[in-house]
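Everything quoted here is computed from the prediction, not taken from an experiment. Per chain, numbering begins at 1; letters A, B, ... match sequence-line order.
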There are 2 protein chains.
Amino acid sequence: MARPERRTVRDVRRGNRAMLLRELYFSGPASRNDLTRLTGLSAATVSTMTGDLLGDGIVVEAGQVESDGGRPRVLLRVNPVYGFAIGVDVAETHVRVGLFDLGMTELAKVDYALRPVRHDPELVARHVLAGIDVVLSDAGVAPEQVLGVGVGVPGIVEPGLDGLIHAKTFGWDGVPLGALLREGTSLPLFVDNGAKAMGQAELWFGSGRGASDAVIVLLGTGVGATIVADGTAFRGTSSSAGEWGHTTIVAGGRPCRCGARGCLEAYIGAEAILERAGAPIQSDWQEELGRLLAERSPVIDETVAYLGVGLATLVNLLNPQRIVIGGWVGTMLGQTLLLDIRRATAENALAEPYAATSIVLGRLGPDVVALGAATLVLEEFLNAPQVARITAAG
Amino acid sequence: MARPERRTVRDVRRGNRAMLLRELYFSGPASRNDLTRLTGLSAATVSTMTGDLLGDGIVVEAGQVESDGGRPRVLLRVNPVYGFAIGVDVAETHVRVGLFDLGMTELAKVDYALRPVRHDPELVARHVLAGIDVVLSDAGVAPEQVLGVGVGVPGIVEPGLDGLIHAKTFGWDGVPLGALLREGTSLPLFVDNGAKAMGQAELWFGSGRGASDAVIVLLGTGVGATIVADGTAFRGTSSSAGEWGHTTIVAGGRPCRCGARGCLEAYIGAEAILERAGAPIQSDWQEELGRLLAERSPVIDETVAYLGVGLATLVNLLNPQRIVIGGWVGTMLGQTLLLDIRRATAENALAEPYAATSIVLGRLGPDVVALGAATLVLEEFLNAPQVARITAAG
DNA sequence: CCGCGTTAGTTCAGGACCGGAAACAAGTTC
DNA sequence: GAACTTGTTTCCGGTCCTGAACTAACGCGG
């Protein structure tokens, strides 16, 4: 209602510059001429703007295109080594830190194992800070060249400077990871939920590319979703939107670790699947699920049916253009059973919205939280390159 | 991802003008000085802009405020009779047409009864067109003064010029109501789902005011929801987002008229409630529900429990700041049982998002579809006053 | 009743921006 | 090598917002 908050003529420049940069980033190398078409800006504007960007080193030339009777086009692209982004994946069993260039190529990474027992926030913070130093020196990148650090963590991240984290299953309740990290580094920080970071990766570089209304669902030990509205991750009022796993699909059904009953996660979470199949608790989950799939256990069919119910809820409620299925359970199920999943969804969804939705598999595999976290930095950079640069310095 | 699409310096003006107008509309009469604070614009800009708006007749003076030692403030407000909006409610049993000024005061209205049996699209269109003529002549308003006509209809409205409507229960499948109406009038048309129109009214003038992330749920014969993200109704990729009623809450449960099983509507839709209570089919539903409530039938408790499950899904998935309960069933239940509804929701929702959500009753009563439809026109007007004007002329 | 202080609102010059047109650049083709 | 074609840059005009100077309208104290 009180949404549009623009102000001065200067914002126009920033907006157009961001648009041009985005276009250049995603539509690969392009000539100035292409850019006028892609952005809708005049040739004059594109010229001055690319001039600036070239001067700043954000954009570089990338060869020429043979002409067919006229002056050849000079191709431009975003300079992948103009700056770098660090992505951090804080998970149950490890802390992983990766260094990426702007093309999201991983230049270096380092892992620290975590005891699943208790997760000392200060230990995690130390790992992250050490990891940052390690990847930077490994790749020979100076801290001043880093545009920011994205951190994907379990649980709900409160918006705000401290990056307060609530994650019951992780043993964290109100841990100010952001503040802890800020004590050890002056790099700009972007803390977000790991599943959302992953969704971000899938949205920008995976099967979600180009969709403006999409849902990226994550099926693993936990069950979550990233809701994309209008091309951006939807966060809700306290940044916890997308808690799809605790949607009730059987009122009064199986108890869930969240305390309620009949949650989706209590049926299609990895643990729930294996439990329903009567698998031994201490087994290797991934292997066990593979066995169930291979023998086409009835439990799998049930799981697909429940998944269809859950997906139908998303289809009806959000009417997305695309649903991307990710996470290790999702990948395993989807690889053999995508058609069945679609059918199960169709059975439970309304015809019109179902027809508008395509259900596809994620492309990036389950191990992309760090990439997704780094993508948060990239997003900021593309939205306001110079601003990010300044913050990075300060 | 490819979201920001601004272009020229002229957009700045339009955006600021819209912002100023919104502020003026919702923050009541205000002086130019107040507006500089409210909008963040400079006094100079506010001065020239209000000058324009006064010249166009969009804004008028509204008295002065006593000074306390300086020049007195001149109050300004949006001119409620600068233009008018027509709102139309096409429902099962009637077509209602209302004429509103910009203050959303109803100046005239007219009703046409519809046989619930079959709904001839051409008949509906004739009623709407006749209704427009009637309310205009009743109130003595010329067609040139009308900024647009909002139409709330049952079912899903496809985006596009024709306003294609799909509404199984209404007997419409691909009816181009927009096109039919355009044959009889050149006024700008805004066709949307009736529940969404109602949600719009509640969002702008009812309990939803000021919320940027909210869900307005509609409990009546059908069950639906308007999802508000970032202050605007979220539509999804084919405008059918918000189909909350066909969310599955009991996998394999009661059959629903949509064809699936265990939908929310199959438990808390008016018909379902009465059926579960064993009420005679031909009874007066409203009266019957009143009786059940008065005697505190166990069916009511069940209904509240199911409603809690459905609301919890919204809380978890969308993390709204506010949930507004509307519709005639919602109003009746909520008036006596709001606390129970809240409790039932808390039992099924995650703690963090639940804590961030306030669940409140709608303020506007069930009969505001026409107002909501007119609000669509108002929204357009506030976003781009002059453009709306031009379209109105053409 | 007349300055003076105070607050509200207006006018104007200045700087930033975009688009259109013309100019310039760098090829191909005949 | 002249004519043509296409890509890119330069320049000018118009729009926009802001800061500062300026005008307007009022209360108050003498």
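A close approach under 4.0 Å does not occur between any side-chain nitrogen or oxygen of R32(A) and OP1 or OP2 of dG7(D).
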With 3.5 Å as the limit, what N/O pairs link the protein to nucleotides 15-19 of chain D?
{"residue": "dC17(D)", "atom": "OP1", "partner": "N16(B)", "partner atom": "ND2", "Å": "3.1"}
{"residue": "dC17(D)", "atom": "OP2", "partner": "R13(B)", "partner atom": "NH1", "Å": "2.6"}
{"residue": "dT18(D)", "atom": "OP2", "partner": "S42(B)", "partner atom": "N", "Å": "3.1"}
{"residue": "dT18(D)", "atom": "OP2", "partner": "S42(B)", "partner atom": "OG", "Å": "3.0"}
{"residue": "dT18(D)", "atom": "OP2", "partner": "T45(B)", "partner atom": "OG1", "Å": "2.8"}

Measure all distances between protein nitrogen or oxygen atoms and nitrogen or oxygen atoms of nucleotides 26-30 of chain C, and list the pairs falling under 3.5 Å.
{"residue": "dG27(C)", "atom": "N2", "partner": "G69(A)", "partner atom": "O", "Å": "2.9"}

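Put simply, CG on D52(A) is 12 Å from P on dT10(D), counting in whole angstrom units. dT10(C) atom P lies 9 Å from atom CG of L54(B), rounded to whole Å. When rounded to the nearest whole Å, the span between CG of L76(B) and C1' of dG9(C) equals 11 Å. Following rounding to the nearest Å, N33(B) (CG) and dA24(D) (P) show an atom-to-atom distance of 18 Å. At whole-Å resolution of the value, CZ in R73(B) and C1' in dG27(D) are 15 Å apart.
In this structure S238(B) satisfies the side chain to side chain donor-acceptor pair (under 3.5 Å) test together with N319(A), sequence neighbours excluded. Under the salt bridge (charged side-chain N to carboxylate O under 4.0 Å, His left out) criterion, R71(A) pairs with no residue at all, not counting sequence neighbours. Evaluation of the side chain to side chain contact (heavy atoms under 4.5 Å, CB included) rule for A44(B) yields S42(B) as partners, not counting sequence neighbours. With sequence neighbours excluded, the residues satisfying side chain to side chain donor-acceptor pair (under 3.5 Å) with D192(B) are R235(B).
Between N16(B) and T39(B) there is no side-chain heavy-atom pair separated by less than 4.5 Å.
Inspection of the S31(B) and D34(B) side chains reveals an N or O donor paired with an N or O acceptor under 3.5 Å. R22(A) and N383(A) are linked by a side-chain donor-acceptor pair at a separation below 3.5 angstrom, with hydrogens and angles left out of the test.
The heavy-atom pair separating A241(A) from K196(A) by the smallest distance is O-CE, 3.2 Å.
At a threshold of 4.0 angstrom between heavy atoms, the contacts of V74(B) are confined to the sugar-phosphate backbone, with no base atom among them.
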